[in-house]
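Step one of this worksheet: look at the structure below.
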Amino acid sequence: MKLQKIAAATLCCFALTPSIMADEHQNPFLTPYTTVYQIPPFEQISIADFIPAIKAGIEQQDRNIKSITDNTAKPDFENTILPLENLSPILDRVAAVFYHYDGALSTDEFAQMAEEAIPLLNQASNNVNLNDALFQKIKAVYDNRENLNLNPVQKRVVEKYYREFEQQGAALSQEKKQELIQVNDELSKLFIQYNKNLLNATNAFFVTVYDENDLAGLPESSIAVAKEEAKAKGLDGLWVFTLHAPSRLPVLQYSQNRGLREAIYKGYTSLASFGENNNYPVIKQIVALRAKKAKIMGFDNFAQMMTSRVMAGTPEAATNLLLQVFEPAVKRSHEEVADMQAIVDEEGGNFKIAPWDYYYYAEKVKKKKYDLDENEVRPYFSLENVLNGLFSAAEKLWGIKMVEMPDAPKYMDEVTVYDVVDSKTGEHVAVFMNDYFPRATKRQGAWMDQMQSSGLYEEGPRRPIVYNVGNFTRPAGDTPSLLTIDEVETTFHEFGHALQSILSQAPYRSIAGTNVDRDYVEMCSQINEHWAFAPELLKEYAKHYKTGETIPDELIEKLNNASKFNLGFITTELAGAALLDLEWGKTDGKDIDVPSFEAVVAEKIGMPEEITYRYRSPYFKHIFGDDGYASGYYTYLWSQVLEADAFELFEENGIFDPDTAASFKATILETGDTEDPMVLFERFRGHKPDAHALLRLRGFEN
């Protein structure tokens, strides 16, 4: 488990050492923040503050562990479990900012510091998770939980701590614990190397265009960004395209120059695959160490260990679920490719559709079938307008309002911070911040996390500090950031994650917000995507950035008619990556050649040659950048089953139906992990999840 989940705030305070007190610069992590809502005082934080704070946090944590284990009173919820909820406020503060910067602000100075910090943070986790005396105290509470007069939520917290400590190796022998510590330390160093290689490889690659004719088909906004990128590299008068999504995807989707598309595609799919940033040897070591870790924990393989901890239960069950979706998706993708090939042939292309042609010819098919050109739609999706729609939907559905806090602390000027308030009472609900534009210090993709969880702290309950991070096209000249259809969905998706933390009413931090099973957490994010293109909401927020004109009804109709377009491709690449992930979890890593392994899996599952995995292994950060989604990437599809089934109820009753929204809010968004997720889902939906709902949603069956 991540350090943030187990290291919280302590029940008592400790004096700082004289050497710390004597420093002219006061380390902001060492004392409670005095900022509004305890937002980290970013302007006061220096890179030099992290290591001393982590070390001080470990000392504080160790003292509090000792106070638990030395307590001679009979272990119970109050003297054992509650202190675990609030174990080290210093570690809480420094780890929250550290992990955020690691993804969003990893400067060279930070990255160098992180190489020392990660092993220390692992040590902090090991000091908790592998402490036998502490585990025995927890076990005593667990074994006696039926006699402690606990309410159902407290009982669930006890059971969760026991289960998670056991999963982290607390019940192992001392010999095996030492083996596990060594494996975890080696893995943490490899994760650092993998992420460093990926970031460096991404930043190192670019394609320079010298002839303006080679820009044919590209949107003006993409050309403007490429011109600015070239200028930044000292290549005035030229155009530079990078592998960051806002640069890469428009080339693949719109460029009439097949050679440019191929160069960008091959650059992306060979990311971190050669030279000094080669992740192949790193992957081989990670896979071998994970296999060793699984054996230490008593499992046959890593996939078996990881799936045992979530709703699927086994790799076989996860694979069966994936194949239920993968096979009809592949069938649909063959139809999609045939439509594309027909256009190539009509145009006298005299070539077979290749992977770098997929986006481009898919766009042509969409134009032909639905008369929908995404360039016609994008002017209505400025980032500002999309956020207006996002926040409007949140107010209509969940009763919260976003009030900008211009004077709030922030780590970069382009970050926006909001006070989330109850729309009726004005009461503070949470802090929400967003950071949406790419930079060299930020990893690719989009994500949600939090600086502070909701739940019980030493001084009482606190509300969360939540953030969304993205990599959207920057404004260029007089043109604002204009989002693609996919980026609009991404904005709603990540805010769906944020909602689960913002609205959480779970009383304890370990079960609050997104601290739920991995194959349940994505439901809230994915269901929120459905409101992005709801006609009622589009009419409200989709305004042309130049004229202010509301999106016309005919464009809304085209958007909705095309909503199931290309889902064969999208589902195939996603399910294919999930199946690859499970296969990595089953192998021991010996004598593995990464490209050959990927090719064997592709042949085994029947991956179409025109489609590659959503992420190839050298840049599959979900599964090799840490253990977060390792042998668990399939959970996106399981969550989509839950999401598709749940949204059918909104469709039946009206997507803004107040009663349905109130039920979803109370049963799903506010509850966290206070009850079994299957129980909560059935309470909302009235039946067990129906896998066919996903097939219906994707148009694979009626």
Looking at [Y] and [X], is any side-chain nitrogen of the basic one under 4.0 Å from a carboxylate oxygen of the acidic one?
{"X": "Glu164", "Y": "Arg309", "answer": "no"}
{"X": "Lys621", "Y": "Asp626", "answer": "no"}
{"X": "Glu675", "Y": "Arg156", "answer": "no"}
{"X": "Arg439", "Y": "Glu414", "answer": "yes"}
{"X": "Glu179", "Y": "Lys293", "answer": "no"}
{"X": "Glu115", "Y": "Lys196", "answer": "yes"}
{"X": "Glu459", "Y": "Arg462", "answer": "yes"}

Would you say [Y] and [X] are linked by a side-chain donor-acceptor pair, where the criterion is simply a distance under 3.5 Å?
{"X": "Ser501", "Y": "Gln450", "answer": "yes"}
{"X": "Gln505", "Y": "Thr671", "answer": "no"}
{"X": "Asp76", "Y": "Asn79", "answer": "yes"}
{"X": "Tyr457", "Y": "Gln38", "answer": "no"}
{"X": "Asn197", "Y": "Asn200", "answer": "no"}

Review point. Would you say the side-chain atoms of Gln526 pair up with the backbone N or O of Met523, donor to acceptor, closer than 3.5 Å?
Key: no
Review point. With sequence neighbours left out, which residue pairs that include part of residues 65-75 fulfil the side-chain hydrogen bond (donor to acceptor under 3.5 Å, both in side chains) condition?
Key: Lys66-Asp70
Review point. Taking all atoms of both residues into account, what is the closest heavy-atom pair of Val488 and Val386, and its distance?
Key: CG2-CG2, 4.0 Å
Practice item. Identify, with sequence neighbours excluded, every residue that meets ring pair (Phe, Tyr, Trp, His ring centres under 6.0 Å) alongside Phe492. Key: none
Exercise for review: Is it possible for you to check whether Arg463 lies under 6.0 Å from the centre of the six-membered ring of Tyr37, through NZ or CZ, and within 45° of that ring's axis?
Suggested key: no
Just distance, no hydrogens or angles: give the donor-acceptor pairs under 3.5 Å from side chains in residues 402-411, sequence neighbours left out.
from	atom 1	to	atom 2	distance (Å)
Lys410	NZ	Val415	O	3.0
Tyr411	OH	His100	NE2	2.9
Tyr411	OH	Asp435	OD2	2.7

Practice item. Taking the side chain as every heavy atom from C-beta outward, state whether Lys55 and Ile51 have any atom pair closer than 4.5 Å. Key: yes
